[in-house]
Amino acid sequence: MALEIVLITGMSGSGKSVALHALEDSGYYCVDNLPPELLLPFVELQSKQAARHVGIAVDVRSATALPLMPQQLRTLRGQGVAVRVLFLDAATDALVRRFSETRRRHPLSREDGPDHQRALVQAIELERELLADLREHAHVLDTSLIRAAQLQGQVKDLIAAPAGPLTLVFESFAFKRGIPLDADYVFDVRMLPNPHYEPALRTLDGRDAPVIDYLQRSEEVGQMAAHIEQFLAHWLQRLARDHRSYVTVGIGCTGGQHRSVYLVERLAAAFARDWVTLRRHRELDGRDRIPPALHT
């Protein structure tokens, strides 16, 4: 059995330690803040020790060596090592809030005092620049609006998904809370009939039979589902040939409860016949609550 590596990276404060703990819970041998210069020797050592599942966290604390990472990842894959790269991201305001709550200093911040918040935002933007190339080689997880338990579940779902040329992730969300940063494609379905205005359906969601029946009776809903399916079916083979490991499709409605949830379930079931598919519903857990801080 080939060595499998999950590389966790991303923004400080985005939840990398939570993701690494999820890997540990799944039986991975994990190392935090491994200097990129040591990645290849470390993997060679683990191979000699017959390790099978390894989790590695790399972040901006190793900023000077980060440019080495893309070539190192290509080298590992050329050696037959199965490598998945997960990049945790979050909106700047969410990161600022988390650092304020925990009173921790950003690793690139050099200022305190009255201009501390301005210095923190500058440090976050600098970090985005330093990590931009690595982000391009990764599957992005947006942790801005999710709880630690949701992030752990997403990481475990990703590593449990069977190997394939490409994994499709369908995610429902509410436009009123913002577009997911990790979405490769976003479809707006707010123009479709809204079960929220039916008193008997208001407290249900798009996975409940009465809501499904209501939406299936709409010709517009069927047309929207067909158009999204046709678009994705046309381009998925091309995306797979371009060595994309994951494609995240965001489906958004006003509240992220009925229409978007229904369409995510319907599309995931349709594509599961030919592709590895995962589904997420961002707003269904902890709705209308601000998530607690996700530490680095």
- [ ] Give the intermediate values and the outcome of side-chain contact (heavy atoms from CB on, under 4.5 Å) for residues Leu86 and Leu7.
- [x] CA-CA 6 Å; Leu86 303 183; Leu7 181 70; over 6 Å; no
Open item on the list: Between Asp208 (side chain only) and Pro210 (backbone N and O only), is there a donor and an acceptor less than 3.5 Å apart?
Closed with: no
Open item on the list: Check the orientation of Phe231 and Tyr185. Use parallel for under 30°, tilted for 30 to 60°, and perpendicular for over 60°.
Closed with: perpendicular
Task: Cationic N near anionic O, under 4.0 Å, Asp184 to Arg244 - done: yes
Task: Gap between atom NZ of Lys156 and atom CG of Leu151 - 0.5 Å precision - done: 10.5 Å
Task: Neighbour count >12 (heavy atoms, 6.0 Å) for atom CD, Gln71 - done: yes
Open item on the list: Would you say that His196 contacts Thr254 through its side chain, given a criterion of any heavy-atom pair below 4.5 Å between the two side chains?
Closed with: no
Open item on the list: Rounded at 0.5 Å granularity, tell me how far CE in Met224 sits from CZ in Arg266.
Closed with: 11.5 Å
Open item on the list: What verdict does the side-chain contact (heavy atoms from CB on, under 4.5 Å) test give for Asp205 and Val211, after you've listed the backbone C-alpha separation in whole Å, the side-chain angles of each residue and the deciding distance to 0.1 Å?
Closed with: CA-CA 7 Å; Asp205 66 56; Val211 176; over 6 Å; no
TODO: Please tell me if the side chains of Leu141 and Phe87 come closer than 4.5 Å, counting only heavy atoms from C-beta onward.
DONE: no
Open item on the list: Keeping Arg207 on the side-chain end and Ile212 on the backbone end, is there a donor-acceptor pair under 3.5 Å?
Closed with: no
Open item on the list: Just checking Asn33: does its CG atom have more than 12 heavy atoms from other residues, nucleotides or ligands closer to it than 6.0 angstrom?
Closed with: yes
Open item on the list: Between Arg177 and Glu283 (salt bridge meaning N to carboxylate O under 4.0 Å), is one present in this structure?
Closed with: yes
Task: Partner set under side-chain hydrogen bond (donor to acceptor under 3.5 Å, both in side chains) for Ser260, not counting sequence neighbours - done: none
Open item on the list: Using 0.5 Å steps for rounding, measure from the OG atom of Ser172 to the CG atom of Leu263.
Closed with: 10.0 Å
Task: Within 6.0 Å of CD in Glu136, more than 12 heavy atoms from elsewhere - done: no
Task: Shortest non-hydrogen separation from Ser12 to Phe99 and the atoms involved - done: O-CE1, 3.4 Å
Task: Side-chain (His258) to main-chain (Leu201) donor-acceptor, under 3.5 angstrom - done: yes
Open item on the list: Checking Glu265 against His281 for the side chain to side chain donor-acceptor pair (under 3.5 Å) test, could you report, in this order, the C-alpha distance in whole Å, the side-chain angles of both residues, the deciding distance, and whether it holds?
Closed with: CA-CA 10 Å; Glu265 294 290 326; His281 301 297; 2.7 Å; yes
TODO: Please answer whether the main-chain N or O of Leu168 pairs with a side-chain N or O of Thr277 as donor and acceptor at a distance below 3.5 Å.
DONE: no
- [ ] Could you grab the distance from atom CG of Asp89 to atom CG of Asp182, nearest 0.5 Å is fine?
- [x] 8.5 Å
TODO: Could you state whether Val249 and Tyr262 fall into the same hydrophobic cluster, counting links through intermediate Ile, Leu, Val, Met, Phe, Trp or Tyr residues with side-chain heavy atoms under 4.5 angstrom apart?
DONE: yes
Open item on the list: Closer than 4.0 angstrom, basic N to acidic O: yes or no for Asp93 and Arg98?
Closed with: no
Task: Short side-chain to backbone donor-acceptor contact, Ser218 and Val221, under 3.5 Å - done: yes
Open item on the list: Is it the case that the side chain of Ser14 and the backbone of Leu88 share a donor-acceptor pair, with hydrogens and angles ignored and the cut-off at 3.5 Å?
Closed with: yes
Open item on the list: Which heavy atom of Gly255 sits nearest to which heavy atom of Lys176, and what is that distance?
Closed with: CA-CE, 4.2 Å
Task: Atom pair CD/NE2 of Glu127 and His106 - distance to nearest 0.5 Å - done: 3.5 Å
Open item on the list: If I take atom NE2 from residue His227 and atom CG from residue Leu232, how far apart are they, to the nearest 0.5 angstrom?
Closed with: 13.0 Å
Task: Main-chain N/O of Pro41 paired with Gln46 side-chain donor or acceptor, under 3.5 Å - done: no
Task: Lys48 with Glu44: basic N within carboxylate O range, under 4.0 Å - done: yes
Task: Hydrophobic cluster partners of Phe175 (side-chain heavy atoms under 4.5 Å) - done: Phe173, Ile179, Val186
Task: Side chains of Arg128 and Ile124 in contact at under 4.5 Å (non-hydrogen atoms) - done: yes
Task: Chi angles and distances behind the side-chain contact (heavy atoms from CB on, under 4.5 Å) call for Gln154, Ile146 - done: CA-CA 10 Å; Gln154 290 184 13; Ile146 65 174; 4.0 Å; yes
Task: Close side-chain approach of His139 to Val85, heavy-atom, < 4.5 Å - done: no
TODO: Please answer whether the main-chain N or O of Leu126 pairs with a side-chain N or O of Glu129 as donor and acceptor at a distance below 3.5 Å.
DONE: no
Open item on the list: For a quick test of reading the model, state the closest non-hydrogen atom pair linking Leu181 to Ser144 and the distance between them.
Closed with: CD1-OG, 4.0 Å
Open item on the list: Donor-acceptor check, side chain of Arg259 to backbone of Leu192, threshold 3.5 angstrom: yes or no?
Closed with: yes
TODO: Report the residues that fulfil ring-ring contact (aromatic ring centres under 6.0 Å, His included) with Phe271, sequence neighbours left out, ordered by chain and then residue number.
DONE: Phe170
Open item on the list: Determine whether a donor-acceptor pair (N or O, by modelled atom type, separation under 3.5 Å) exists between the side chain of Arg77 and the backbone of Val83.
Closed with: yes
